[in-house]
Amino acid sequence: MLVMAVRALRPSRRSQLDLLRRASTRSHVYSLLRRDIVSLELPPGQAVSENELAAQHGVSRTPVREALIRLADEGLIEVVPQLGTFVSRINVNEVIEIQFIRETLERASLPHAIRNITEEDEQYLRDLLDEQEKAGKRGDLHTWFATDEALHRTLLEVAGHPRVWSVVSSAKAHLDRVRMLTLPDPAILGELLNQHRQIVDHVVAKQKRQADQVLRQHLRIALDVLQPLEQRYPDYFRLEDGEETPERTRRR
């Protein structure tokens, strides 16, 4: 009798597979929506519909709703009662805070990368730089951004701190949207690529001070362009919940 009771409580293989499929679908939809928000394909302030997103991605409303809840927890989706669901505006304070966290962690990790880097690591980094240059020339901003992420992640991994990137990456969506706003500018792309090459060169040459100096300048570009971007795209930004940017206030 006890065995029969245990079997009755144990989920069937089919139900277990169904759970895995639902989890996989939910995760996939979340990843796609987060990518579209960060890449600005879903721009700040845009209304989103569960029905439309479900039809677009060929899924039911349930994984879309669950993905939106998760994105709301990250501050990327805002639900306004009686109005609807919207892509959140870029939180200026979060941009500043996560940039500080990222700079602190990456600069602290840099000496370890200098100590640990191998010829194989160097070749991989230089291959990334070549791929990034080609992406910039053909205007492929998605690939450019992906190689940027891969380069910084690789430096942390070479330093022996692979988990740092996952911590930073999960929190820097607002910062990434600022970065995406800058990428269509060829001058910015050229400057960033040049800094990437300098960082790799200094790391390989064991030049700690020079590498740190360039990395610091590189990571602060987002802050340097923040105010001009607020002025150019005032409806994309906010300071805190309910608080408007000075530029948006001035326009009234």
Side-chain angles (χ1 to χ4, degrees), residues 26-27 29-57 61 63-104 141-142 144-146 148-149 152 166-185 188-189 192 218-252:
R26 181 169 60 244
S27 178
V29 171
Y30 161 80
S31 296
L32 290 177
L33 292 179
R34 193 179 193 278
R35 180 202 65 187
D36 289 347
I37 291 172
V38 170
S39 69
L40 304 177
E41 290 185 26
L42 289 174
Q46 178 169 317
V48 293
S49 161
E50 285 185 12
N51 289 331
E52 292 177 4
L53 291 173
Q56 177 184 343
H57 295 290
R61 289 177 58 188
V64 172
R65 183 181 306 114
E66 292 171 342
L68 291 176
I69 291 172
R70 186 174 171 186
L71 290 165
D73 289 339
E74 295 181 17
L76 294 176
I77 287 292
E78 183 177 6
V79 179
V80 181
Q82 300 180 345
L83 285 180
T85 302
F86 302 86
V87 177
S88 69
R89 289 182 169 83
I90 299 170
N91 189 310
V92 173
N93 291 334
E94 286 195 22
V95 171
I96 295 171
E97 183 177 27
I98 192 59
Q99 191 280 332
F100 171 78
I101 294 171
R102 180 181 183 184
E103 179 183 328
T104 300
L141 298 183
H142 286 293
W144 202 102
F145 188 84
D148 180 282
E149 299 276 281
H152 287 274
S166 63
V167 172
V168 172
S169 183
S170 65
K172 66 184 182 69
H174 287 284
L175 174 61
D176 284 343
R177 291 196 287 175
V178 171
R179 293 167 61 207
M180 287 299 298
L181 283 173
T182 69
L183 292 188
D185 186 338
I188 292 288
L189 282 182
L192 292 172
H218 176 71
L219 294 176
R220 292 192 178 187
I221 283 182
L223 296 185
D224 294 339
V225 300
L226 190 53
Q227 186 174 358
L229 288 175
E230 287 183 74
Q231 294 172 352
R232 185 175 180 182
Y233 304 100
D235 294 331
Y236 279 14
F237 289 87
R238 72 179 186 199
L239 292 175
E240 294 180 348
D241 293 338
E243 185 177 1
E244 295 184 299
T245 65
E247 175 64 21
R248 193 177 301 146
T249 302
R250 285 195 296 270
R251 291 179 65 202
R252 289 188 171 183

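In what follows, residues are counted from 1 in the order of the sequence shown.
- Counting heavy atoms from C-beta outward, I37 and I77 have side chains that approach closer than 4.5 Å.
- Considering all non-hydrogen atoms of both residues, L175 and A222 come closest at CD1-CB, 3.6 Å.
- E103 pairs by the side-chain hydrogen bond (donor to acceptor under 3.5 Å, both in side chains) definition with Q99, R107, R220, not counting sequence neighbours.
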Exercise for review: Could you walk me through whether L181 and Y236 pass the side chain to side chain contact (heavy atoms under 4.5 Å, CB included) test, one step at a time?
Suggested key: CA-CA 10 Å; L181 283 173; Y236 279 14; 4.0 Å; yes

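- Applying the salt bridge (Lys or Arg N to Asp or Glu O under 4.0 Å) rule to E149 yields the partners K172, R179; only residues at least two apart in sequence or on another chain are considered.
- Note that CD1 of I90 is 8.5 Å distant from CG of L226, once rounded to the nearest 0.5 Å.
- Among residues two or more places apart in sequence or in another chain, the side-chain contact (heavy atoms from CB on, under 4.5 Å) test is passed with F86 by A47, V80, L83.
- Taking CD of E97 as the start and CZ of R102 as the end, the distance is 15.0 Å to the nearest 0.5 Å.
- Under the side-chain contact (heavy atoms from CB on, under 4.5 Å) criterion, L189 pairs with L141, W144, L183, not counting sequence neighbours.
- When atom types are taken as modelled, the side chain of H174 and the backbone of N91 share a donor-acceptor pair closer than 3.5 angstrom.
- Side-chain contact between P44 and L40 is present, with heavy atoms from C-beta onward closer than 4.5 Å.
- Between the CG atom in L68 and the CG atom in L76 there is a gap of 11.0 Å [rounded to 0.5 Å].
- Classification of E78 and R238 as a salt-bridged pair holds, one side-chain N sitting under 4.0 Å from a carboxylate O.
- From I96, atom CD1 reaches atom CD1 of I101 across 12.5 Å, with rounding to the nearest 0.5 Å.
- Looking at T104 and F100, their side chains come closer than 4.5 Å, going by heavy atoms from C-beta outward.
- Sorted by first and then second residue, the salt bridge (charged side-chain N to carboxylate O under 4.0 Å, His left out) pairs with a member in residues 43-55 read E50-R61, E50-R65; sequence neighbours excluded.
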Exercise for review: Could you give me the CA-CA distance, side-chain angles and deciding distance for L32 and H57, then say whether side chain to side chain contact (heavy atoms under 4.5 Å, CB included) is met?
Suggested key: CA-CA 9 Å; L32 290 177; H57 295 290; 3.6 Å; yes

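- Interatomic distance, CD of E230 versus CG of D235, reported as 12.0 Å (0.5 Å rounding).
- Checked by atom type and distance alone, the side chain of S88 pairs as donor or acceptor with a backbone atom of G75 at under 3.5 Å.
- The minimum heavy-atom distance linking P43 with V87 is given by the pair O-CB, 3.4 Å.
- Identified under the salt bridge (charged side-chain N to carboxylate O under 4.0 Å, His left out) test for residues 30-41, with sequence neighbours left out: R34-E74.
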Check your understanding: Stepwise, does the side chain to side chain contact (heavy atoms under 4.5 Å, CB included) test hold for R26 with V64?
Key -> CA-CA 7 Å; R26 181 169 60 244; V64 172; over 6 Å; no

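- The cationic group of R70 lies under 6.0 Å from the six-membered ring centre of Y30 and within 45° of the ring axis, placing it in a cation-pi geometry.
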**Study point:** T182 vs I221, side chain to side chain contact (heavy atoms under 4.5 Å, CB included): CA-CA, chis, key distance, verdict
**Key:** CA-CA 9 Å; T182 69; I221 283 182; 5.7 Å; no

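- Residues F237 and V95 have side chains not in contact (no heavy-atom distance under 4.5 Å, counting atoms from C-beta outward).
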